[in-house]
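Single-structure report; data block below.
Source: prediction; values computed, not measured. In what follows, chains carry the letters A, B, and so on, assigned in the order in which the sequence lines appear, proteins first and then strands, with residues in each chain numbered from 1.
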Amino acid sequence: MEHKISIYNSLTGKKEILVPRNEHYVGMYVCGPTLYSEPHMGNMRTFINFDLVFRCLLHAGYKVKYVRNITDAGHITNSAGQEEDSIGKAARAEQLQSLEIVYKYNVKFQELQRLYNMLPPSIEPTATGHIQEQIEIIEKILENGYGYVINGSVYFDTKKYMQDYNYGILSGRKVEEQENETRALNNQEEKRFFADFALWKKANPDDMQIWRSPWGDGNPGWHIECTAMSTKYLGKQFDIHGGGMDLKFPHHEDEIAQSCGSFGCQPASIWMHANMLNVNGQKMSKSLGNFFLPKEIVEGTSSLFQKPFPPNVIRFFMMQAHYRSTLDVTEKGLEAAEKGMGRLLEAISLLNKLPSSTSSSVDINALLDSFDKAIQDDFNAPILIANLFEAVRYINLINDSKETISKDDLIKLTEAMSTFVYDILGISSEDKSQDNRLGPVMDLVINLRDQAREQKDWTTSDKIRDGLSAAGIIVKDSKDGTKWS
RNA sequence: GGUCUCAUGGCCGAGCGGUUAGGCACCGGUCUGCAAAACCGUCUACAGCAGUUCGAAUCUGCUUGAGACCUCCA
């Protein structure tokens, strides 16, 4: 069974019902990381958000081919007014070869995906593995007259393209208005028009990676790899193309131009853009230095936070904000998420102990419907979470015998809670791993304290409690016995 | 400078013309040897000004403030 999913399409600025090109199948391409360094938390947010999308599509019953590329060819940067590629730069800094750099950070990236409980995409193709495909598309663009060769480099002829297509269709940019505003770029003199962009770049003598092409040795342009790989794995036209907001222009705009320029059609029906992770109201970015690494927050070594937060909490925190909104990371925010998520998981663990009655005093079907509706409406995880907390309240009230639930409804609710929390939101269900030697010790200590309490020996029991507290272990007494954490 | 987005209660964050978002904190209660924890309940905001409407956080205009993109960027 498939459900209607509506998605905000950046291309049209409207929510649209997803109608896959091939019934039951969804093709989704998401721009992945450039592996010249360890991805920071902001990068991760985008991938976590598309992991949510992936999970929702699967839940809706689609067979999904999820392609997320790995950019392992360094592209020319002009940030410091100098021309060098990001991966080559990192390689020189670390005294490694380019592919070592890429491999090293790819291993880390894969670890992070597991750490943050992301489902692996269907395929993660690399740019360097698809040089031939990129060359072929460039050739098509040249054949169609939308590119030109100069000094061993190939550029996209934006002016020519604009005669036949709408350059700026995605980003809403008007090239004419932009010309005077754009800052001077290096090698601009090679381009015929300021808005032209490189499809193939002639090699520099000190480039660490060089490929052969019909135009001489060089490197592929930044945008062409996505066109090549999305075409190869999903076809000339597919359903969803995603990426971070900051890729909308020029990267995605140029992808559209390349597809139109080579195949005469737009690549994706729906364009999705995930919004940025902010720190103090500003986009988390390398250059600003306001970033932290996914591992730092888990290990508590980030200077931005006093204490460590588990990946689950970070994921939950992110899920509380919609993917199209910016999200500010703060310690307070993470703490709130941690407590809230704890309450949610606690309620879930209560489910199998819940007494069932002959009838339900709450409309479980409506509740479960609200879960589905939330994610069907542009993957609205915050609404889903709000509705899950409604369920939490019901669960607790049932536990207190203030509401009732029928056996059938209890089964349905249990299944749904697990599905939406674990499978959709991607909260991992594994228990906190504790030192397995501590367990028996704690059992003993708790046992001793219980004995003291039975004898109303409050001095001893409180001494144990205070002692444990000093060691960072909190003792919680409840009707069902004593717990610790 | 150009293009665009956003401004919600103590904090974080939904909301897409009329109905309680939700979480955290606070406060009140239940439970408890005490404490903590847990659970229940309460708190009712929409930057400012004007307009449209029977009705606006939600639409329009202006003002102020913040951010993104225009250059590598998730």
Side-chain angles (χ1 to χ4, degrees), chain A residues 15 30-34 36 39-50 74-81 84-86 89 168 171-174 177-186 195 222 242-251 273-278 281-287 316-317 320-322 324-330 332-344 346-347 350 374 377 380-390 392-393 395-397 399-400 402 453 456-458 461-462 465-466 469 474-480 482-485:
Chain A
K15 277 187 199 171
V30 172
C31 292
T34 301
Y36 64 95
H40 63 235
M41 216 51 235
N43 301 319
M44 297 303 284
R45 182 182 179 207
T46 296
F47 303 132
I48 289 172
N49 273 140
F50 281 105
H75 299 295
I76 306 306
T77 64
N78 290 293
S79 47
E84 61 184 331
D85 82 90
S86 47
K89 186 181 173 188
S171 59
R173 260 159 233 285
K174 305 256 186 299
E177 293 170 6
Q178 254 188 282
E179 182 155 19
N180 299 328
E181 315 297 341
T182 309
R183 288 168 237 173
L185 298 174
N186 281 311
W222 172 34
M245 264 306 212
D246 48 358
L247 295 181
K248 200 169 181 182
F249 188 90
H251 184 59
H273 290 96
N275 219 136
M276 303 290 103
L277 187 66
N278 286 181
Q282 268 191 319
K283 174 183 168 183
M284 178 179 287
S285 79
K286 276 235 152 96
S287 47
F316 186 80
F317 170 73
Q320 282 186 304
H322 188 80
R324 279 193 289 122
S325 304
T326 54
L327 171 64
D328 238 279
V329 237
T330 58
K332 262 189 172 178
L334 287 169
E335 274 170 358
E338 184 164 42
K339 290 201 177 166
M341 190 187 77
R343 214 157 72 79
L344 177 61
E346 202 56 45
L350 211 54
D377 184 11
N380 202 319
I383 298 261
L384 169 61
I385 290 176
N387 295 338
L388 287 170
F389 275 107
E390 285 302 302
V392 168
R393 212 179 86 243
I395 291 168
N396 288 326
L397 285 169
N399 191 46
D400 288 352
K402 285 173 184 155
R453 291 179 70 215
K456 300 197 190 296
D457 178 3
W458 311 126
S461 78
D462 288 354
R465 184 171 69 197
D466 294 345
S469 167
I474 310 288
V475 173
K476 301 167 194 170
D477 297 327
S478 75
K479 275 179 272 179
D480 314 325
T482 301
K483 291 178 186 162
W484 59 275
S485 61

No-H, no-angle donor-acceptor pair, Ser325(A) side chain to G13(B) base, under 3.5 Å: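 No, no donor-acceptor pair under 3.5 Å.
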
Taking only the [atom1] atom of each, what is the distance from [N] to [M] in whole angstrom?
N: U19(B); M: U44(B); atom1: C1'; result: 14 Å
N: U64(B); M: C11(B); atom1: C1'; result: 24 Å
N: G9(B); M: A21(B); atom1: C1'; result: 13 Å
N: G33(B); M: G23(B); atom1: C1'; result: 33 Å
N: A7(B); M: G15(B); atom1: C1'; result: 14 Å
N: G22(B); M: U60(B); atom1: P; result: 28 Å
N: C16(B); M: C59(B); atom1: C1'; result: 10 Å
N: G28(B); M: A66(B); atom1: C1'; result: 38 Å

Identify which nucleotide among [options] has an atom closest to any side-chain atom of [X], counting heavy atoms from C-beta outward.
X: Asn396(A); options: G41(B), G23(B), C39(B); result: C39(B)
X: Lys283(A); options: C34(B), C11(B), A68(B); result: A68(B)
X: Asn380(A); options: G33(B), G15(B), A68(B); result: G15(B)
X: Thr46(A); options: A14(B), A74(B), G22(B); result: A74(B)
X: Arg173(A); options: G41(B), C70(B), G22(B); result: C70(B)
X: Asp477(A); options: G22(B), A35(B), C12(B); result: A35(B)
X: Ile383(A); options: C69(B), A74(B), G15(B); result: G15(B)
X: Phe249(A); options: C12(B), C69(B), C16(B); result: C69(B)

NZ (Lys483(A)) with more than 12 external heavy atoms under 6.0 Å: no

Between [atom2] of [N] and [atom1] of [X], the distance in whole Å:
X: Gln320(A); N: G15(B); atom1: CD; atom2: P; value: 14 Å
X: Arg453(A); N: A35(B); atom1: CZ; atom2: P; value: 13 Å
X: Glu338(A); N: G23(B); atom1: CD; atom2: P; value: 17 Å
X: Ile385(A); N: C12(B); atom1: CD1; atom2: P; value: 17 Å
X: Asp466(A); N: C34(B); atom1: CG; atom2: P; value: 16 Å
X: Glu335(A); N: A25(B); atom1: CD; atom2: P; value: 10 Å
X: Asn275(A); N: G67(B); atom1: CG; atom2: C1'; value: 10 Å

Which residue, Arg465(A) or Met284(A), contacts RNA chain B at a nucleotide closer to its 5' end, judged by nearest heavy atom?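 With Arg465(A) and Met284(A) compared, the 5'-side residue is Arg465(A).
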
Identify whether any heavy atom of [X] sits under 4.0 Å from a base atom; if not, whether one sits that close to sugar-phosphate; answer base, sugar-phosphate or nothing.
X: Glu390(A); value: sugar-phosphate
X: Lys339(A); value: sugar-phosphate
X: Lys248(A); value: nothing
X: Met276(A); value: base
X: Asp328(A); value: sugar-phosphate
X: Gly42(A); value: base
X: Ala274(A); value: nothing
X: His40(A); value: base
X: Leu388(A); value: nothing
X: Asp400(A); value: sugar-phosphate

Centroid under 5.5 Å and tilt under 30°, Trp458(A) to G33(B):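 Yes, Trp458(A) stacks on the base of G33(B).
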
Would you say Thr326(A) and Asn275(A) are linked by a side-chain donor-acceptor pair, where the criterion is simply a distance under 3.5 Å?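 Their side chains do not contain a donor-acceptor pair, so the 3.5 Å distance test is not met.
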
What does G10(B) pair with, Watson-Crick or G-U, if both distances are under 3.5 Å?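 Per the H-bond distance test, C24(B).
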
Using purine N1 to pyrimidine N3 plus N6-O4 or O6-N4 for Watson-Crick, or N1-O2 and O6-N3 for G-U wobble, each under 3.5 Å, what pairs with G1(B)?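 Checking every strand shown, G1(B) finds its partner in C70(B), with both distances under 3.5 Å.
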
